[in-house]
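Residue numbering restarts at 1 for every chain, and letters A, B, ... go by the order of the sequence lines.
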Protein chains: 2
Amino acid sequence: MEQTLYRRVAEDIKAAIASGTYEAGARLPSESELAQRYGASRGTIRQAFAALRADGVISSRQGARRVVLGGPRVQSFAELLSFSRWARAIGEVPAGRVVTMELRAATEEERVHLELGEGARVYHLTRLRLLSGRPVMIERSAYREPVGAMVAGMELDTVSITERLQALGVIFADAEHLIDAVAATTQDARLLDIRPRTPLLRERRRTTDPSGVALEWSDDRYIGDAVAFSVHNSAQASALSRLPSIPRPTPAEA
Amino acid sequence: MEQTLYRRVAEDIKAAIASGTYEAGARLPSESELAQRYGASRGTIRQAFAALRADGVISSRQGARRVVLGGPRVQSFAELLSFSRWARAIGEVPAGRVVTMELRAATEEERVHLELGEGARVYHLTRLRLLSGRPVMIERSAYREPVGAMVAGMELDTVSITERLQALGVIFADAEHLIDAVAATTQDARLLDIRPRTPLLRERRRTTDPSGVALEWSDDRYIGDAVAFSVHNSAQASALSRLPSIPRPTPAEA
DNA sequence: CAGTGGTCTAGACCACTCC
DNA sequence: GAGTGGTCTAGACCACTGC
């Protein structure tokens with residue numbers, strides 16, 4: 001067994017959906033049938049289905065067979081965090097051009113989101129990201145010191161930071177994304193080669209390690225008509241919220 | 001037992017987090033301790049934790065106690081779908097002003113997302129939504145015929161459609177959200193009382209019933225600096241994707 | 001090394017769907 | 001009414017964390 005049984009079952013079902021064996025709307029095999037087929041208990045099969053449910057691939061209701069949902073193919077967590085990995089996955093060539101890289105005092109905003117004390121320092125990187133030569137995004141990332149030091153040593157024009165960090169043993173476990181729309185500033189416009197005040201899709205992201213420590217706080221701005229985000233949710237799993245901007249501080253940030 | 005045991009456990013933990021008993025970063029009780037406290041088996045407690053994990057409230061790793069994550073308070077699925085419910089939850093007064101309501105042939109886009117055949121008709125509603133008197137969003141929703149007929153009979157200026165539909169027995173089970181940034185059209189600008197080309201946060205949403213049938217396809221545009229979306233994801237549950245716009249059709253839509 | 005979560009089993013009863 | 005998923009139990013072994 002290369003990994004766990006329930007993961008293998010989940011992968012098999014995902015693959016069968018991807019290959020067209022089960023189309024959107026199709027009914028999947030029952031728990032008992034799969035349990036028999038894999039020589040597994042019902043609980044293990046249920047665990048596989050739960051994983052697919054959490055990723056928004058299938059729906060589930062008492063008494064009826066599970067059903068394949070429509071919607072975009074799922075993206076792995078790793079693929080979502082790494083611009084480079086994502087670009088390659090959609091058949092484009094990723095690139096990065098460093099604008100600034102510095103070790104400096106954290107701003108108020110950075111201290112809040114990275115949970116740092118007064119006077120803490122962060123590594124801050126501004127990078128222009130390109131898809132097959134076309135500028136599509138500006139990335140402004142602040143890294144907590146130990147991680148930032150690793151980043152500072154990399155060849156940032158060619159390298160995927162996330163992939164390199166993972167190779168160095170840094171584990172990204174959870175991410176919180178704040179998505180809104182802003183007008184391009186003059187710097188944004190100059191770097192992206194667009195007119196000022198053009199709509200940008202902004203994704204601010206806090207990435208944490210397995211113990212909940214924030215490692216990275218990033219402000220990524222995409223050209224509005226280049227990229228969209230897709231989110232799936234349901235009554236069972238709804239990790240999506242709508243917030244008033246200039247929000248009242250949340251308990252966690254207060 | 002008002003509902004299920006694992007839900008009660010999950011609610012208790014959520015409440016304890018909300019009340020400040022456990023702050024962000026705090027370690028939660030072990031499975032065995034909770035199992036004893038509730039007179040439940042370990043499996044039931046694990047189910048409760050799994051629900052919190054799916055909502056992005058806690059993190060989990062082998063060998064260590066579960067940890068409370070930071071980030072915005074979770075929003076229930078119902079609260080997320082209903083503008084009115086959401087507005088009341090953040091202490092504002094929701095309102096709606098109908099711009100148009102018609103039964104007409106579905107557009108190409110609507111046929112694709114509602115999975116309708118050639119020549120199908122939809123109920124289409126355009127509504128301006130206000131938060132305590134301030135216009136913040138334009139909603140353009142298409143409903144599949146049986147549901148649309150119910151909507152057509154409502155007093156749309158005062159009523160929350162989602163709440164009324166749920167009272168009538170319509171069940172929204174899953175939703176797929178496509179989020180991007182667009183410039184305000186002249187109609188957008190006129191209705192929202194802003195300048196044309198102002199950045200808007202656009203949420204296109206397909207909502208399905210428990211069997212996977214699409215009931216509603218909506219294009220909601222928020223004033224950029226009024227609203228943001230928050231999404232949590234992780235290696236375990238990642239129902240979030242980044243898509244190139246003008247996307248290649250997905251298998252489900254092809 | 002003790003504690004803890006991750007995986008898995010084998011069975012039970014119930015609520016619901018579908019024909 | 002047969003089939004199916006939802007809930008729950010009791011126990012087992014293992015991998016990992018943290019002291």
| remark: Sequence neighbours excluded, the answer for side-chain hydrogen bond (donor to acceptor under 3.5 Å, both in side chains) partners of B:Arg37 is B:Glu33
| Which whole-number value in Å describes the distance from A:Tyr6 OH to C:dG6 P? | 9 Å
| task | Tell me what A:Arg7 touches on the nucleic acid: a base, only sugar-phosphate, or nothing, going by heavy atoms under 4.0 Å. | result | sugar-phosphate
| Counting only side-chain N and O atoms of A:Thr44, is one of them less than 4.0 Å from OP1 or OP2 of C:dT9? | yes
| Within less than 4.0 Å of OP1 or OP2 of C:dT17, is there a side-chain N or O belonging to A:Arg66? | no
| note | Hits for ring-ring contact (aromatic ring centres under 6.0 Å, His included) against A:Phe229, two or more places apart or cross-chain, chain-then-number order -> A:Tyr222
| query | What is the distance, rounded to the nearest whole Å, between atom CD of A:Glu33 and atom C1' of D:dA2? | reply | 16 Å
| Is the shortest distance from a Lys or Arg side-chain nitrogen in A:Glu139 or A:Arg127 to a carboxylate oxygen in the other one below 4.0 Å? | yes
Extract from the structure each pairing of a protein N or O with an N or O of nucleotides 10-13 of chain D at less than 3.5 Å, listing the distance.
from: D:dA12; atom 1: N6; to: B:Arg42; atom 2: NH1; distance (Å): 3.1

| request: Nearest whole angstrom, please: distance from the P of D:dG6 to the CD of A:Gln236. | output: 8 Å
| field | Closest nucleotide among D:dT4, C:dC8, D:dC8 to the B:Thr4 side chain | value | D:dC8
| task | Give B:Phe49 one of three labels, base, sugar-phosphate or nothing, depending on what nucleic acid heavy atoms sit under 4.0 Å from its own. | result | nothing
| Who pairs with B:Arg46 by side-chain hydrogen bond (donor to acceptor under 3.5 Å, both in side chains), at least two apart in sequence or on another chain? | B:Glu31
| Residue pairs passing the ring-ring contact (aromatic ring centres under 6.0 Å, His included) test where at least one lies in residues 45-86 of chain A, sequence neighbours excluded | A:Phe83-A:Trp86
| Side chains of A:Gln236 and A:Arg53: is there a donor and an acceptor less than 3.5 Å apart? | yes
| Atom pair distance, as rounded to whole Å: CD1 in A:Ile45 and P in D:dG5 | 11 Å
| Value in whole Å for how far the C1' atom of C:dG3 lies from CZ of B:Arg27 | 10 Å
| Among all residues two or more places apart in sequence or in another chain, which pass the side-chain hydrogen bond (donor to acceptor under 3.5 Å, both in side chains) test with B:Arg121? | none
| field | DNA chain C-proximal residues of residues 55-64 of chain B, any heavy atom under 4.0 Å | value | B:Ser60, B:Arg61, B:Gln62, B:Gly63, B:Ala64
| query | Who passes salt bridge (charged side-chain N to carboxylate O under 4.0 Å, His left out) against A:Glu176, sequence neighbours left out? | reply | none
| request: Kindly write out the residues that satisfy side-chain hydrogen bond (donor to acceptor under 3.5 Å, both in side chains) with B:Ser60, not counting sequence neighbours, or none if the list is empty. | output: B:Arg66
| query | Expressed in angstrom and rounded to an integer, what is the separation of B:Gln47 atom CD from C:dT7 atom P? | reply | 15 Å
| Nearest-Å distance for atom pair CD/P, residues A:Glu31 and D:dG3 | 15 Å
| Looking at D:dC8, D:dG5, C:dG6, which one has an atom nearest to any side-chain atom of A:Arg46? | D:dG5
| task | Take atom OH of B:Tyr38 and atom P of D:dT7, then tell me their distance rounded to the nearest Å. | result | 17 Å
